[in-house]
Amino acid sequence: MTEPIISIRGVSKRFGGVTAIDNISLDIEAGEIFALLGPSGCGKSTLLRMLAGFEHPSDGSVLLDGKDLTRLPPNRRPINMVFQSYAVFPHMTVAKNVAYGLEMERTKRSEIRTRVAQALEQVQLEGLGDRRPDQLSGGQRQRVAVARALIKRPRVLLLDEPLSALDAKLRDAMRLELVKLQEMSGVTFIIVTHDQYEAMALADRIAVLENGCLRQVDTPRSLYNNPVDAFVADFIGNVHTFDVSKIDLVEGRMRVHADILGPLMIDKPIPEGLLPGVQTGRGRVLTIRPESIGIKTGETYVPGHLTVSGTMGDIAFQGQHSVVEIRINNSRSISAIVDDATARELDGLGHETTVHAHWAVADMHLLESSIN
Amino acid sequence: MPGVHVAQKIEADTVRFGLLRRVRYEPFNYSRRWSLRTLFLIATVFLYAPIVVLVIFSFNDSRRGGNVIWKGFTTKYYSKAFQNDELMLAFANSLTIALVTMVLAVILGTLTAVLLWRFRFPFKPLVEGLVSLPIVIPEICMGVSLALFFSSMGWMKTGNLMWPLNLVNITIAHITFCFPFAAMVIRARLDSFNRETEEAARDLGASEWRVLKDILIPHMRPGIIAAALLAFTLSLDDFVITFFTSGPNTVTFPVKIYSMVRFSVTPEINAASTVLILMTLILTWLALRYQRALER
Ligand SMILES: Nc1ncnc2c1ncn2[C@@H]1O[C@H](COP(=O)(O)OP(=O)(O)O)[C@@H](O)[C@H]1O
Ligand SMILES: [Mg+2]
């Protein structure tokens, strides 16, 4: 195990009475793209700003290459940041913007010139060095911000919601470019985002935050397959949740009573502290992802599957696949993701036809619900 | 159907004679309403006609400036004004005071603006109110209170000092009433400052001083120029406060013109005023040009 490039140790941040970050410990490996993911207001930016040095932790410490930099001001950290507003200096040309960090280091003029040219080429802004920022598009301004930070050859590059201000087409292109830039430069990237797809597509590892607390850190695939609780499950992709009313142990196996599903034998690791006999299931849910749900029209039995009947709702066409809504009762409906052929078949049925949603019991997770 | 025919004819006639033309204008389409156009014209005439007349009659070959009869073109009142030593001294006094006031009011105003924008401290609203108080206090009260202040300090004698030290009282008074304007103008400019640009500069290795020099001051520059211009013109044409703080040996241009008018109105006054107008115009034009060059 190599030493982590950044080590966050028991860091908390309080603003007056508000706890923005609550005792987070986290290691970030050199050369990875690491994403901080969470809903708006969960403290992602605050954590990032503590790494940059704009905020100081109320508790805990931040280590870079094993050295404590908790008290170091931003201008003395080998860490650079791409701001959410890009923060391009409006009264300087593009080249001046990019050169600024090197000028602060008193780099030789000739070297500045060649490195600025390189940096502009790297972000595909060759020939725009004399432009003023107000003559650039949003995407170009972001490239200036990235070039300006990377030219310092930082140990770590921090990016706060780098794609959120761009339109959908540009966002996809820029996402690929960021990955390419990371590979070329080898710099560790820490990216803040509230967009799960962005995090999954970009990052090697993701930390999921909720209300200033760290929920889970793992690769996108592991987060998707093995979420620790219903909050993470719902944030990484979508899930349907079924409240558990009761759990009992029958011959060492769990029998879970969930609201509309009835009693089910679940072969999963038994949660700690669960005693034989009848248990209250409060605070736990069974989850299933829409993409694990199949739909059939007849009541044929599939081994290992459970079936829930309902009526056809709307079908939302999304190209490769379609999202089908099945109304189970007045207050509850579930959606399934099906391929185009199935969608066309179901489309012929019309509303109110009885259909059957089914999924493998093994695909369900027994998780703690996010209300803690 | 004669009824329909008549109705159509009436409608056609009313349209033709403009009786039915109830066109609704957009609220901002002022220029299309003749009433508003007239109002605009009248306002313009009342604003600028006196100035135009003043300039024209500075070239009038008449002994009395108040004379509205054109007696022929001459520039002799300009040379007369320039040969009037007292008038020239007053002019030099005014320019000196205005320049010093401009520089100091802008420095003080910038510092005040940054203080009010950047920091939180106890009684901040009170301080903010106190800073803008000189803007709303009647000038006559400012004049009287400053005169009382200077005489109780025994500073009224500074008027007998060597030039330009004799202008100290007036200059202090001018800075006092000019710097709140400067502070307000620069403070307003700071509202559009993106704090992240400051943080970005820090992030790239800039010290606090470099941030000030490279980021904050360039952003404030248009505000600083506007504030300087404002302070200069406010100081140059101030009468009330100057009148109360000047001594017999420290006469400024407006005060001098006032005393000349009381004596007799001659085209010399028109000429001197025209020079003043010209100077302010050139200064404004230079400032605007500078600002535009910066934006490019
Ligand atoms: N400078 C500050 N002063 C007071 N509260 C703050 C400050 N910065 C952030 N907060 C609070 O901390 C919480 C987390 O904010 P932030 O880190 O910006 O969230 P995110 O970036 O995840 O949307 C919010 O409740 C916010 O109101
Ligand atoms: Mg944020």
Side-chain angles (χ1 to χ4, degrees), chain A residues 16 45 48-49 51-55 72-93 96-107 119 130-135 141-142 144-154 156-161 165, chain B residues 106 109-110 113-114 117-125 185-229 286-296:
Chain A
S45 293
L48 203 69
R49 290 169 59 79
L51 297 182
F54 295 117
E55 308 284 359
L72 234 48
N75 49 342
R76 310 233 333 256
R77 297 182 182 208
I79 294 175
N80 287 106
M81 180 146 166
V82 175
F83 289 81
Q84 196 167 0
S85 70
Y86 311 146
V88 174
F89 306 136
H91 54 276
M92 294 184 195
T93 62
K96 272 272 176 204
N97 262 282
V98 176
Y100 191 78
L102 294 183
E103 276 167 14
M104 292 303 108
E105 288 174 12
R106 299 178 192 284
T107 311
D130 294 328
R131 289 272 185 95
R132 298 211 142 241
D134 55 9
Q135 299 169 312
R141 245 174 293 184
Q142 181 178 46
V144 174
V146 172
R148 187 175 70 177
L150 274 181
I151 201 170
K152 300 266 290 182
R153 296 179 182 153
V156 179
L157 184 72
L158 312 173
L159 301 104
D160 195 352
E161 308 260 2
Chain B
V106 162
T110 306
V114 172
W117 167 73
R118 180 65 175 270
F119 301 102
R120 270 183 293 174
F121 47 86
F123 305 113
K124 183 173 171 178
V185 170
I186 297 166
R187 174 74 187 78
R189 172 72 190 168
L190 281 171
D191 277 336
S192 63
F193 184 69
N194 177 3
R195 286 296 292 269
E196 285 194 344
T197 57
E198 180 190 335
E199 292 181 337
R202 291 272 285 149
D203 190 58
L204 293 169
S207 61
E208 296 271 8
W209 279 110
R210 287 306 296 242
V211 172
L212 187 70
K213 177 174 159 285
D214 296 344
I215 311 296
L216 197 58
I217 289 180
H219 177 81
M220 287 192 290
R221 192 168 288 143
I224 290 176
I225 293 166
L229 203 63
L286 280 177
L288 284 178
R289 237 183 61 142
Y290 175 61
Q291 222 158 339
R292 255 186 234 130
L294 277 180
E295 276 159 22
R296 227 177 286 123

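All chains are named by letter (A, B, ...) in the order of the sequence lines, taking the proteins before the strands, and each is independently numbered beginning at 1. Just so you know, these numbers come straight off a predicted model, no measurement behind them.
With a 4.5 angstrom heavy-atom cutoff, A/Val88 touches chain B only via backbone atoms. At a 4.5 Å heavy-atom cutoff, A/Leu102 makes no contact with chain B through either its backbone or its side chain. For B/Asn194, the part lying under 4.5 angstrom from a heavy atom of chain A is the side chain only.
Among A/Arg148, A/Arg77, A/Arg76, the residue with the largest count of heavy-atom pairs under 4.5 Å with chain B is A/Arg148. Heavy-atom pairs under 4.5 Å with chain B were tallied for A/Ala149, A/Ser85, A/Pro154; the largest tally goes to A/Ser85.
By the 6.0 Å contact criterion, CG on B/Asp191 is enclosed, its count of non-hydrogen atoms from other residues, nucleotides or ligands being greater than 12. Heavy-atom contacts from other residues, nucleotides or ligands closer than 6.0 Å to CZ of B/Phe123 number 12 or fewer.
Between the CZ atom of A/Arg49 and the CD atom of B/Glu199 there is a distance of 4.0 Å, given to the nearest 0.5 Å. In this structure, A/Tyr100 OH and B/Ile215 CD1 are separated by 4.5 Å, a value rounded to the nearest 0.5 Å. Interatomic distance, CD of B/Glu196 versus CZ of A/Phe54, reported as 9.0 Å (0.5 Å rounding). Rounded to the nearest 0.5 angstrom, B/Ile217 CD1 and A/His91 NE2 are separated by 10.5 Å. Atom CD of B/Glu198 sits about 10.0 Å away from atom CZ of A/Phe83, to the nearest 0.5 Å.
Side-chain contact check for B/Asp214 versus A/Glu103: every heavy-atom pair is 4.5 Å or farther apart. Proximity of B/Glu208 to A/Asn75: side-chain heavy atoms (C-beta onward) are nowhere separated by under 4.5 Å.
The two residues A/Ile79 and B/Asp203 have their closest heavy-atom pair at O-OD1, 3.5 Å.
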